[in-house]
Amino acid sequence: VPLKTEEHNVTQDVLDLLESKQTLQTSEDFPSIPQAEIKAALDRLASRSMVEYQAHDSEQVLLTPEAESIVADGSHEFKVWKAVKDAGKVPIKELASIVGAESAKVGQGNAFKNKWIKKDGDSLVLVADTVQDATRDLLKGIQETKTLSDNKTLNELKKRKLVTVTKVIDYSVTKGPKYAKEIPVEVTDLTADMLASGAWETANFKPYNFNALGAPQDAGSLHPLNKVRQEFRNVFFSQGFVEMPTNHYVDSGFWNFDALFVPQQHPARDVQDTFFISDPPKADKPRADPITEATMDTMEAGSRKLFAKPNETGEKPKSRDFEKYWQNVQDVHQKGAFGSVGYRYPWSADECLRLVLRTHTTAVSTWVLHRLAENPRPARYFSIDRVFRNETVDATHLAEFHQIEGVIADFGLTLGGLMRFLEDFFSKMGLENLRFKPAYNPYTEPSMEIFGFHKGLNRWIEIGNSGLFRPEMLEPMGLPKDMRVYGFGLSLERPTMMKYGVNNIRELLGHKVDLTWIKEQPAVRLEKD
Ligand code: PHE
């Protein structure tokens with residue numbers, strides 16, 4: 001089967017035709033080639049100045065199948081007249097069987113009106129010996145020219161469903177200054193040889209196609225969790241929060257539980273709830289960690305530049321007394337201290353030094369608050385990172401997820417102030433009218449669960465946990481008695497699932513995640529529904 005070259009090389013066809021024709025009209029010269037293909041060919045030639053073209057919007061009047069059959073066989077009235085002429089006399093009852101029901105119905109009346117036929121009793125007889133089938137002639141004209149200038153007639157034909165009008169783009173094409181019979185051979189690479197020989201000076205370089213989309217690149221992309229995380233970071237940074245270094249997942253029971261006044265018998269410290277590390281079997285006692293300390297110094301210094309108040313000096317803290325802190329924590333659990341009766345149980349150092357995958361980022365907040373006690377001053381800290389819980393995995397729970405956590409330390413803080421702060425904070429993600437429900441955490445008193453009305457879901461949802469840290473947690477650190485500290489936490493997964501319409505958390509995190517889906521997800525704006 002010979003290749004139908006005109007379909008495959010429109011570019012060459014245009015050049016060929018222009019040799020003999022001054023102006024091409026694409027709707028006439030290439031009636032069956034798709035619009036986009038013509039345009040691509042013309043652009044290819046125009047970018048090389050081989051042709052010039054202009055586009056015109058125009059309307060085409062096209063015949064419907066019924067109109068086409070009128071052009072072929074005549075109008076309904078013509079068919080009726082022809083039947084009468086052929087037979088001399090046609091009984092009205094028999095007309096439909098000769099010309100068809102449609103023509104008999106529509107054509108009879110018109111043939112009477114045109115005085116082509118008349119009634120003779122129950123039959124039809126001829127009046128005019130020859131007739132002009134004006135409808136057919138009109139439609140035939142339209143078929144040839146695809147136009148009709150008389151608007152009134154056009155509307156009538158449209159109403160009778162004989163024609164339709166469609167928009168077409170027509171290009172008129174003429175030769176350009178560099179017209180040639182063929183596209184000349186084009187150079188696509190500038191080579192060392194061409195530079196050496198001087199051939200580059202006369203070479204015919206292929207023009208750069210700025211409209212080309214380019215090959216799709218297999219680039220990396222941010223996970224939706226990271227996108228939402230960045231939005232939250234921006235909210236925190238804009239309010240003077242300093243980010244905490246959360247870069248180790250393993251911590252001791254001391255930082256994760258004991259320092260938070262979580263008793264050693266608390267169910268959260270059960271293997272059912274917490275992942276324990278067996279190797280190494282034991283953590284060191286809390287001690288200085290110069291690397292994390294230096295990271296924190298840098299983060300605070302950066303923030304101080306932006307948010308320093310006159311009384312906030314950058315003075316270097318005294319060195320931390322971990323030994324004393326350890327003893328204070330033991331005392332407050334075992335025998336009571338700092339005005340608290342404590343839990344009064346034999347506190348075990350071994351339990352305290354067990355290693356765990358941290359169950360909350362509050363372990364890091366605790367580390368940072370102890371650091372703050374060296375130089376107590378108003379401060380705001382946040383973190384967004386991974387935590388681990390020994391949970392049964394289902395559509396809304398994973399054994400690991402991300403926590404967003406904020407801590408605010410200041411003098412004279414009140415519970416009302418925390419509520420107000422949280423209202424501001426969550427309004428930035430489009431959640432208004434918060435509700436607070438009393439709750440229990442070993443390390444905060446009072447504690448509040450936070451509920452928000454989600455406009456998209458049209459219901460109340462639990463969005464976080466919060467409270468004022470207990471004196472039993474803060475005073476062993478050495479923080480002043482009149483300093484209050486707010487804390488609040490929420491998961492990063494929840495708002496991300498809401499924003500991206502994910503119902504199963506396993507589609508967001510873990511081995512079942514569809515990487516194509518990850519790539520296709522757009523950026524997110526917290527404040528937009
Ligand atoms: N640690 C809490 C949680 O895991 C969140 C929280 C942080 C609550 C700080 C109060 C204060 O849910």
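Residues take their numbers from the sequence shown, with the count starting at 1. Both ligands and their constituent atoms are indexed starting at 1 by order of listing. Model, not experiment: these values are computed from the prediction.
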Show every side-chain hydrogen bond (donor to acceptor under 3.5 Å, both in side chains) that has at least one partner inside residues 470-479, sequence neighbours left out.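 Every side-chain hydrogen bond (donor to acceptor under 3.5 Å, both in side chains) pair that includes a residue of residues 470-479, provided the two are not neighbours, is S340-E472, R470-E472, E475-K481.
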For ligand 1, which atoms, with element, lie under 4.0 Å from some heavy atom of F488? 7 (C), 9 (C), 11 (C)
Numbering as shown, the atoms of ligand 1 that approach G487 to under 4.0 Å (heavy-atom distance): 9 (C), 10 (C), 11 (C)
Return the residue, atom name and 0.1 Å-rounded distance of the protein heavy atom closest to [atom].
atom                    : result
atom 7 (C) of ligand 1  : T362 OG1, 3.7 Å
atom 3 (C) of ligand 1  : Q403 NE2, 3.4 Å
atom 6 (C) of ligand 1  : G489 N, 4.0 Å
atom 12 (O) of ligand 1 : N465 ND2, 3.5 Å

Lys/Arg N to Asp/Glu carboxylate O, [X] vs [Y], below 4.0 Å:
X    : Y    : result
R48  : D43  : no
R371 : E293 : yes
E462 : K437 : no
R269 : D258 : yes
E300 : R377 : yes

What do you reckon, does E405 have a nitrogen or oxygen under 3.5 Å from a nitrogen or oxygen of ligand 1? no
Are any of the N or O atoms of H360 closer than 3.5 Å to those of ligand 1?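 For ligand 1, there is an N or O atom that lies under 3.5 Å from one belonging to H360.
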Answer with side chain, backbone, both or neither: which part of M448 has a heavy atom less than 4.0 angstrom from an atom of ligand 1? neither
At under 4.0 Å between heavy atoms, which part of Y443 makes contact with ligand 1: side chain, backbone, both or neither? side chain
Checking E445 now: which residues fulfil side-chain hydrogen bond (donor to acceptor under 3.5 Å, both in side chains) with it, not counting sequence neighbours?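 Here no residue qualifies.
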So for Y486, does at least one of its heavy atoms come nearer than 4.0 angstrom to any atom of ligand 1?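 Heavy atoms of Y486 never come under 4.0 Å of ligand 1.
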Looking only at heavy atoms of R389, does any of them come nearer than 4.0 Å to an atom of ligand 1?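 Flag set, R389 near ligand 1.
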Let me confirm one number: the CZ-OG1 distance from F257 to T274, rounded to the nearest 0.5 Å.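 Taking CZ in F257 and OG1 in T274, the distance rounds to 4.0 Å.
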